[in-house]
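Shown next, in structure tokens, is the structure this report addresses.
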Amino acid sequence: MPAHRIKINPIVLAAAPGIALLLIFFAIPLANLTVRSLTDPEFGLGNYKAVLGSQTYLRVGWRTIWISFLAMSGCVLIGTPVAYAIAHSKRRALVVATLAVLGLSFLTSSLIRAFAWMILFGAQGPIVAILNAAGLDVHTLLATQVAVVVGMIHFLLPIYALTAFAGFRNMPFDLVVAAEGLGASRWYALRTVYFPLALPSIINAGSLVFVIALGFFITPALLGGPSEMMLGQLIAISISKFGDFGFAAAAGVLLMVITLFLLSAVQWVSKAGQRQ
Amino acid sequence: MSNASKDCGSPPAIQISRLKKCYGAVEVLRGLDLVIPEGSYTTFLGPSGSGKTTLLRIIAGFASVSEGTVSISGVDVTDRAARARDVGMVFQNYALFPHLTARENVEYPLKVRRLPREERRRRALEYLERVHLAEWADRYPRELSGGQQQRVALARSLVYGPKLLLLDEPLSALDKHLRGQMQDFLKELQRDLGITFVHVTHDQSEALALSSLVVIMRDGRLEQVGSPEQIYLEPNSRFVAGFIGNSNIVCCSVTARNGRLATVKLGDGTEVGVPIPAGVTERLGVGEKSLLLLRPEKAETGYRIDTSVVAMSGPVLSTTFMGTHYQVVFSTRHGEITAHLNNDYAPGQSVDVAWRAGNLIVLPAG
């Protein structure tokens with residue numbers, strides 16, 4: 001009997017360790033988590049009922065989406081012009097400096113950056129001093145939504161700007177030049193030609209920071225109070241304080257479902273927009 | 001030479017004075033003076049790196065000048081932004097807006113000018129009709145062929161009625177067959193509209209076929225400016241002669257001059273009287289080394305040897321059938337010579353060919 005020789009595509013072979021890793025460390029734990037959310041402490045939808053049945057927890061869910069949306073919007077508003085500037089500016093020094101600032105803050109630990117904001121927003125901090133000097137009676141900005149959103153924008157902005165920049169770099173800028181040749185002002189050309197074509201890059205980068213924001217934990221934990229709790233904190237507390245793994249697993253699964261739902265909604269809308 | 005700023009008549013479409021352009025230390029345009037008459041079809045012809053595209057971009061307002069001025073229709077626009085010049089421009093890659101349909105692309109410049117919706121639509125369709133694309137109005141650029149995209153770009157840059165249309169190598173991305181069609185189309189369009197076209201190309205046959213004025217550029221300078229006939233019949237340098245058509249170039253020296261006629265002596269002692277091109281009269285002195293230009297297509301067989309012809313003979317090296325003629329390369333004591341002949345010759349066969357003195361061109365060697 002002739003020996004069968006099995007041909008294996010070398011690409012598959014090279015990908016095999018990565019696929020194995022994904023299976024062992026992501027797929028199996030995810031399945032495990034889902035099972036646990038349905039079985040711990042007993043089989044059934046009890047954990048989901050606990051999360052979804054409570055006004056408090058529902059409010060945490062909505063707040064998570066709302067704060068993530070605010071943080072993403074801030075990133076889009078501030079980061080889009082920055083990404084545009086570094087993608088198309090002819091001043092190399094400015095481009096390099098901006099990229100360096102973004103890269104460095106990206107590399108700085110989010111914990112350190114959150115602590116820095118705690119000092120800035122705190123009762124002895126400069127922001128409170130300035131607000132007091134302006135005649136506003138404020139004691140501290142810590143444990144407010146403003147602090148959480150600002151801290152999150154600070155964390156997410158480099159990610160947004162660098163991701164959008166990667167997309168903007170490949171934009172056909174000669175189309176803007178052509179539009180100007182046809183009589184358009186720079187601003188009009190950007191609005192009618194550049195922006196519509198750059199929208200997919202903006203949506204991509206925006207979705208990315210939105211998803212990161214949804215599951216983010218450190219910044220809201222340090223800058224927000226209990227009244228500003230987000231889903232990530234809820235999960236952390238139910239494990240570290242109450243040891244309720246089943247409840248935490250259910251909250252985690254719900255967070256993932258919300259994320260997937262919002263992401264596919266965005267994808268669907270932007271695809272429909274492009275088709276139109 | 002200067003037909004600039006005569007007091008009577010309308011000003012030239014474009015007037016360029018002492019124009020220089022530097023990128024850092026590199027001088028791309030080295031002091032150009034050029035007048036492009038209203039209603040002409042002008043081509044900028046030159047090899048890559050000659051500065052022809054830079055010159056076009058400067059006229060369009062997409063590049064700034066380092067020195068000198070640019071006037072359009074008598075108005076100095078040197079410091080005016082591209083959008084305020086009211087000039088049409090067709091880009092090499094067409095630069096159509098991919099997210100807009102053909103009609104929306106053509107409407108764009110009208111939208112910029114705040115024309116009412118109905119008027120915009122009507123004019124866009126009128127110009128799409130003009131470029132034979134009315135049925136394709138609602139297609140996106142990616143759904144159109146290269147030639148169709150090209151015509152959308154044309155319609156878009158003409159729809160707002162500019163007095164001047166600039167075309168940057170518009171035919172270079174098209175296949176040969178389509179290029180011929182587009183050439184005819186452009187020429188016809190220019191005649192119909194009566195506006196000035198300035199067309200950048202590196203293809204000499206394109207320049208000859210299209211233009212009423214050819215501007216030959218080399219290393220950031222104007223090498224020669226003239227009608228296609230002048231450029232072809234009276235090149236003023238070896239560069240132009242070599243760039244326009246294929247030429248045989250033979251060394252000779254000028255032995256006598258009589259007005260526009262020079263007597264030149266070839267290496268083998270043959271003497272012949274040839275006309276001097278207008279542009280080189282001053283640079284062609286008696287006794288100086290010069291070049292004799294023999295156009296392959298002007299070669300003749302079955303001639304009588306006398307002082308009115310230059311004869312070349314030798315064994316054939318190769319023959320190529322070109323459709324309308326045979327391209328015969330043969331070896332002579334002046335070097336390899338190419339002639340376009342009506343008959344086929346076998347390699348090694350001897351061939352006798354002559355050029356009438358009137359068809360020869362003499363140029364300074366420098």
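Numbered from 1 within each chain, the chains take letters A, B, ... in sequence-line order. This structure is a prediction, so every number in the text was calculated from the model and none was measured.
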- Message: I'd like to check the side-chain contact (heavy atoms from CB on, under 4.5 Å) partners of B:E67; sequence neighbours left out, ordered by chain and number.
- Response: B:K20
- Item | Proximal component of B:L100, with respect to chain A [non-hydrogen, under 4.5 Å] | neither
- Which of residues 62-88 of chain A have a heavy atom under 4.5 Å from any heavy atom of chain B? none
- Evaluate whether atom CZ of A:R91 has more than 12 neighbouring non-hydrogen atoms of other residues, nucleotides or ligands under 6.0 angstrom away. no
- Message: Looking only at heavy atoms and a cut-off of under 4.5 Å, which of B:G61, B:A81, B:A153, B:P98 has the most pairs with chain A?
- Response: B:P98
- Which bit of B:R85 comes within less than 4.5 Å of chain A, counting heavy atoms only: side chain, backbone, both or neither? neither
- Sort by residue number and list every member of residues 197-209 of chain A having a non-hydrogen atom under 4.5 Å from chain B. A:L197
- Part of residues 161-194 of chain A lying next to chain B, heavy-atom separation under 4.5 Å: A:D174, A:L175, A:V177, A:A178, A:A179, A:E180, A:G181, A:L182, A:G183, A:A184, A:S185, A:Y188, A:A189, A:T192, A:V193
- Task: Can you tell which part of B:D86 gets under 4.5 Å to a heavy atom of chain A, answering side chain, backbone, both or neither?
- Result: neither
